[in-house]
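Working notes, beginning with the structure itself.
First the proteins, then the strands, lettered A, B, ... as listed; each starts at 1.
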There are 2 protein chains.
Amino acid sequence: MCHSEESNAVREFLTKVGDKWSILLIVMLAKTPKHRARFSELHRMVDGISQRMLTTTLRNLERDGLLSREVFAEVPPRVEYELTPLGLTLLGPLQQLVDWIGNNWGSIKKTREHFDECSR
Amino acid sequence: MCHSEESNAVREFLTKVGDKWSILLIVMLAKTPKHRARFSELHRMVDGISQRMLTTTLRNLERDGLLSREVFAEVPPRVEYELTPLGLTLLGPLQQLVDWIGNNWGSIKKTREHFDECSR
DNA sequence: CCGGATCCTGGTCGATACTG
DNA sequence: CAGTATCGACCAGGATCCGG
């Protein structure tokens, strides 16, 4: 308690939603024309994610109301995921962060290498 | 390969910097008057963090060039941490995200509870 | 073929105790 | 006061198999 509900919310958010794949998944979904894609598309888009993690992450995001899941009773089966209105509102803040990362990640990597060299 | 260096950078960033405490620590440091605080202050400000994690996280952030560490040769010893210019540039994008979380975390929690009830 | 569930391992984090 | 060291629990996440 004490130090603001806010920091608590932030910490919980970062723990639950700020995991390795969630944010990236949202960003990738945002890049699709209708903010909508099927399982296998996402699997291809997010390089290096395992099927299990994709399933889990998508479930959690659905659970959080950030995206919705629609199953089509077809053969072969098809499942599509789409950003909800709430999910869409997250895009703005996220894009800022993504831009910052794009601009500064290179510099961070360099700083890090330098730091590691000096403390060797 | 293929899907952009950007998503790669984002993933790496989220893995390294987007861990449980880093962002929260930066946000808390941003709240101090001079963007500067000593170890024990941060320990008190970030509710629930262990000494070990505080040390580790601070080291990593220093390694990334997001904050700087200054040791004073006193008794009792004093160590202060301060956001670097690079760290300060991160504050803008981060604040957007923090605001969003503040506004929407409650709603997410509710959605989640509802979801869990239905699938019980 | 598409999407989900199970099993297992390795890294991460917290608790505790100890130094300069 | 500001760390470091050690240990153990836990869970993220990869490999693999299963259902339709």
Side-chain angles (χ1 to χ4, degrees), chain A residues 7-8 10-25 28-29 32 36-64 67-82 115 119, chain B residues 7-8 10-25 28-29 32 36-64 67-82 112 115-116 118-120:
Chain A
S7 71
N8 221 19
V10 173
R11 191 177 67 239
E12 285 188 46
F13 179 87
L14 292 172
T15 309
K16 314 284 183 181
V17 187
D19 65 275
K20 193 173 174 186
W21 300 110
S22 297
I23 305 270
L24 190 59
L25 213 48
M28 295 313 284
L29 205 48
T32 63
R36 187 180 181 87
R38 51 189 302 185
F39 190 89
S40 49
E41 284 181 278
L42 290 171
H43 198 4
R44 257 174 285 117
M45 291 178 80
V46 181
D47 214 47
I49 194 172
S50 66
Q51 245 183 7
R52 178 178 161 339
M53 272 302 101
L54 185 54
T55 303
T56 308
T57 307
L58 287 170
R59 274 263 194 285
N60 283 333
L61 290 173
E62 186 197 1
R63 186 167 168 253
D64 291 337
L67 53 77
S68 61
R69 179 172 181 271
E70 190 175 1
V71 183
F72 297 86
E74 302 175 354
V75 175
R78 178 161 59 108
V79 182
E80 290 191 359
Y81 298 87
E82 184 177 8
F115 186 92
S119 54
Chain B
S7 71
N8 221 18
V10 173
R11 192 177 66 240
E12 285 188 46
F13 180 87
L14 291 171
T15 308
K16 313 284 183 181
V17 187
D19 65 274
K20 195 173 174 185
W21 301 109
S22 297
I23 305 273
L24 190 58
L25 213 48
M28 295 314 282
L29 205 47
T32 62
R36 185 179 182 88
R38 52 191 302 185
F39 189 88
S40 50
E41 285 181 278
L42 291 170
H43 199 3
R44 257 174 286 118
M45 290 178 81
V46 181
D47 213 45
I49 194 172
S50 65
Q51 239 181 13
R52 186 172 113 69
M53 272 302 101
L54 183 55
T55 303
T56 308
T57 307
L58 287 170
R59 275 264 193 286
N60 283 333
L61 290 174
E62 186 197 1
R63 186 167 167 251
D64 291 338
L67 53 77
S68 61
R69 179 173 180 269
E70 191 176 1
V71 183
F72 297 86
E74 301 176 354
V75 175
R78 179 162 56 109
V79 181
E80 290 191 358
Y81 297 87
E82 183 176 10
R112 183 178 292 191
F115 186 91
D116 291 346
C118 292
S119 54
R120 200 162 36 82

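Taking 4.0 angstrom as the limit, Tyr81(B) places a side-chain polar atom (N or O) nearer than this to OP1 or OP2 of dG3(D). Between dT4(D) and Arg59(B), a contact under 4.0 Å exists linking OP1 or OP2 to a side-chain N or O.
Qualifying salt bridge (charged side-chain N to carboxylate O under 4.0 Å, His left out) partners for Arg78(A), counting only residues two or more places apart in sequence or in other chains: Glu74(A), Glu80(A). Listed by chain and residue number, Asp19(B) satisfy the side chain to side chain donor-acceptor pair (under 3.5 Å) test with Ser22(B) (two or more places apart in sequence, or in another chain).
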Next item on the list: Given side chain to side chain contact (heavy atoms under 4.5 Å, CB included), test Leu58(B) with Leu42(B) step by step and report yes or no.
Entry: CA-CA 10 Å; Leu58(B) 287 170; Leu42(B) 291 170; 4.0 Å; yes
Next item on the list: Start with the C-alpha distance between Leu25(A) and Leu61(A), add both sets of side-chain angles, then the distance that settles side chain to side chain contact (heavy atoms under 4.5 Å, CB included), and finish with yes or no.
Entry: CA-CA 9 Å; Leu25(A) 213 48; Leu61(A) 290 173; 4.2 Å; yes
Next item on the list: Dump the intermediate steps for side chain to side chain contact (heavy atoms under 4.5 Å, CB included) on Asp64(B) and Val17(B), then the final yes or no.
Entry: CA-CA 9 Å; Asp64(B) 291 338; Val17(B) 187; 3.6 Å; yes
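Scanning residues 49-58 of chain A for heavy-atom distances under 4.0 Å to DNA chain D yields Ser50(A), Arg52(A), Met53(A).
Rounded to an integer number of Å, the gap from CH2 of Trp21(A) to P of dC11(D) is 21 Å. Distance Leu42(B) CG to dC1(D) P: 14 Å, rounded to the nearest Å. Atom pair Arg38(B):CZ and dC1(D):P shows a separation of 7 Å (rounding to whole Å applied).
Within the 4.5 Å cutoff, side-chain heavy atoms of Thr32(A) are placed close to those of Met45(A). By the 4.5 Å heavy-atom criterion applied to side chains, Phe39(A) and Thr55(A) are counted as neighbours. In this structure, the side chains of Val46(B) and Thr57(B) stay at 4.5 Å or more apart for every pair of heavy atoms.
Listed by first and then second residue, the salt bridge (Lys or Arg N to Asp or Glu O under 4.0 Å) pairs involving residues 49-62 of chain A amount to none (not counting sequence neighbours).
Taking the 5' to 3' direction, DNA chain C first and last meets chain B under 4.0 angstrom from a heavy atom at dC13(C) to dG20(C).
The rotation axes computed at either terminus of the helix from dC1(C)-dG20(D) to dG20(C)-dC1(D) lie 30° apart, taking five pairs at each end and rounding to 10 degrees.
Minimum interatomic distance between Leu29(B) and Leu67(B) (heavy atoms only, all atoms of both residues): CD2-CD2, 4.0 Å.
Between the side chain of Arg11(A) and the main chain of Asp47(B), a donor-acceptor pair closer than 3.5 Å is present.
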